[in-house]
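Okay, structure first, notes after.
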Number of protein chains: 2
Amino acid sequence: MHRGGVLAIGEFSRLTHLSVRTLRRYHDARLLEPAIVDGATGYRYYSADQIPAAQVIHRLRELDVPLSDVQRILRSPDPGTRAALVADHLQRLESELDRTRSAVASLRRLLQPEQPPLDVELRAVPAATVAAIEDDVALDDVLAWYAGATAELDAVVGEPTGVPGGLYDNALFESGSGHVLVYRPTTDPPRSGRVHPVTLPAVELVVTAHVGAHDDIGVTYGQLGSWVVANALAVAGPVRETYLVGPRDTADPGAWRTEIGWPVFRVAPP
Amino acid sequence: MHRGGVLAIGEFSRLTHLSVRTLRRYHDARLLEPAIVDGATGYRYYSADQIPAAQVIHRLRELDVPLSDVQRILRSPDPGTRAALVADHLQRLESELDRTRSAVASLRRLLQPEQPPLDVELRAVPAATVAAIEDDVALDDVLAWYAGATAELDAVVGEPTGVPGGLYDNALFESGSGHVLVYRPTTDPPRSGRVHPVTLPAVELVVTAHVGAHDDIGVTYGQLGSWVVANALAVAGPVRETYLVGPRDTADPGAWRTEIGWPVFRVAPP
DNA sequence: GATGCACCCTCCCCCCGGGGGAGGGTCCAC
DNA sequence: GTGGACCCTCCCCCGGGGGGAGGGTGCATC
């Protein structure tokens with residue numbers, strides 16, 4: 001039961017509220033190694049001063065910090081570094097929360113019994129040369145990338161001569177990462193930093209407008225997709241968004257207007 | 001590419017932003033069955049009106065609703081029932097958030113370089129007969145159970161003659177569920193509903209006080225545990241909490257005082 | 001010193017909700 | 001009729017555990 005201040009795994013479990021199983025796993029993962037392991041029997045013995053470490057692990061796991069990150073946090077001797085790593089993860093939790101919020105908003109709209117009919121327009125868009133920033137981006141990073149790119153674009157371009165927009169590769173949604181491009185129409189597009197001129201090809205676009213914050217924009221995408229299929233069209237390229245009214249125009253998200261345009265071609269006679 | 005308004009899995013994937021793999025999995029799980037499955041080739045074909053269902057699933061999964069629950073939500077034809085099931089899950093997310101908040105509070109305290117010394121007292125507690133409610137409870141349900149039990153207890157007992165408290169089986173923390181008892185000291189404890197008299201045995205308690213909300217009470221538990229071990233004692237029974245100052249006394253969580261008492265016996269000469 | 005029994009060990013399989021990749025068949029536009 | 005994009009099934013992998021089998025240990029009690 002006792003061995004001079006050294007704790008068997010069961011006692012340590014009681015004191016830390018970590019299950020015996022979990023303690024063994026943390027040993028295997030070299031995350032929390034017993035103070036003593038009896039070579040003959042394999043019995044693990046912990047010391048009381050390992051309790052704080054166990055508690056830190058426990059809390060970090062409650063925050064869904066991966067074991068590998070937990071290890072890095074514990075291994076970093078400097079409290080400042082630790083705090084930074086933890087803050088990083090809290091940041092991740094924060095954006096997780098954003099995702100949750102927008103999922104809730106989408107659900108609310110999806111589960112509404114009545115769906116307002118969609119106002120869809122088929123529009124021929126000519127080619128245009130614009131100032132753009134583009135990159136291959138992971139879906140999770142799109143928002144952050146977008147914020148940085150638009151800031152740089154605005155700094156370089158100044159006042160655009162038309163409606164700003166973006167192109168989003170279908171692969172972004174299919175496989176979680178893809179090519180993304182944001183642009184500002186401007187006369188004589190400059191080349192500076194990441195900004196460079198790009199000629200957007202002429203396309204036939206199926207266009208609809210999404211009103212409000214982007215939380216539930218996925219719903220509008222789906223409705224537009226249904227319309228595309230119902231009208232015997234097929235998707236032919238990255239989706240285009242144009243930001244008719246956005247955060248740069250009004251602080252009221254309810255007033256935002258985003259046009260969603262899907263390049264299409266006809267697959268069957270009308 | 002097209003078959004009269006019917007979509008191959010890849011097209012459906014593009015339209016719903018669900019990966020092909022995931023769509024196949026949802027088929028296997030009978031969650032979202034293709035409108036047509038070609039018997040000869042196994043090719044799955046979806047119809048455009050399955051897009052809303054796919055979107056609902058997508059959003060529910062973003063909220064970490066288990067697939068089985070997603071199925072129940074989709075299968076329930078009544079919008080009211082659906083909404084209730086979704087609300088249930090949002091409630092779960094809410095309590096998850098509470099857990100996260102308290103984990104963050106604990107971490108903040110744990111990662112502080114300086115730990116204030118613990119004020120621990122060894123106290124002989126005589127046996128006492130109290131009015132109690134007890135049950136076997138899962139760790140996740142403790143808070144809800146506690147709220148119900150104390151409400152019933154207060155309704156039956158009225159004003160207690162001493163400090164209210166609770167006993168928490170160590171198994172609750174070790175294996176996720178265990179025996180829990182809440183009590184009010186009172187003269188001539190009544191028997192009504194779940195309330196019944198219980199005689200708490202006399203014990204030798206190691207006692208310390210936790211000040212503030214219970215978010216980071218686990219940290220105090222750990223410190224007390226260290227003290228127990230450092231003083232050559234061993235745990236001998238369910239931990240006791242007494243609520244010296246609680247939410248019934250003041251709305252300010254910072255003023256709450258909870259005594260934590262661990263029954264102990266001496267395992268080595270002093 | 002034996003015995004009972006709580007405790008501890010390792011090992012293997014299971015859960016969830018996917019992703020990676022192999023190996024092979026199908027669709028359809030040119 | 002052929003190339004290439006698309007689709008199929010099957011198996012293994014991940015993380016962070018839980019359940020349980022089968023067997024060894026520690027120690028208080030007799």
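Sequence lines set the chain letters: A, B, ... in the order given, protein chains first and strands last, and positions in each chain run from 1. When reading the values below, keep in mind they use all heavy atoms of this one structure, side chains included, and skip hydrogens, waters and symmetry mates.
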For atom CZ of A:Arg61 and atom P of D:dG18, their distance in whole Å: 11 Å

Whole-Å distance separating the NE2 atom of A:His27 from the C1' atom of D:dG17: 18 Å

Quick test of your reading of the model: are B:Glu96 and B:Arg99 salt-bridged, counting only N-O distances below 4.0 Å? yes

Residue whose nearest DNA chain C nucleotide is more 5′ - B:Ser68 or A:Arg24: A:Arg24

Specify the separation, in whole Å, of atom CZ of B:Arg25 and atom P of D:dC11. 14 Å

Interatomic distance, A:Leu31 CG vs D:dG17 P [rounded to whole Å]: 10 Å

A:Tyr46 and A:Phe12 aromatic ring geometry - parallel, tilted or perpendicular at 30°/60° bounds: parallel

Side-chain N,O (B:Thr22) to OP1/OP2 (C:dG19) below 4.0 Å: yes

Measure from CG on B:Leu23 to P on D:dT9 and round the result to the nearest Å. 13 Å

Does a nitrogen or oxygen in the side chain of A:Ser19 sit under 4.0 Å from OP1 or OP2 of D:dG17? no

Separation of C:dT26 C1' from B:Ile9 CD1 (nearest whole Å): 15 Å

Nearest whole angstrom, please: distance from the P of D:dG16 to the CG of A:Leu60. 12 Å

How many Å lie between CZ on B:Arg44 and C1' on D:dC6, as a whole number? 13 Å

Salt-bridge criterion met for A:Asp69 and A:Arg92 (N-O under 4.0 Å): yes

Using a cut-off of less than 4.0 Å, is there contact between a side-chain N or O of A:Tyr26 and OP1 or OP2 of D:dG16? no

Side-chain H-bond candidate by donor/acceptor type, B:Ser13 with B:Arg21, under 3.5 Å: no

Nearest-nucleotide 5' precedence on DNA chain C, A:Tyr43 against A:Arg21: A:Tyr43

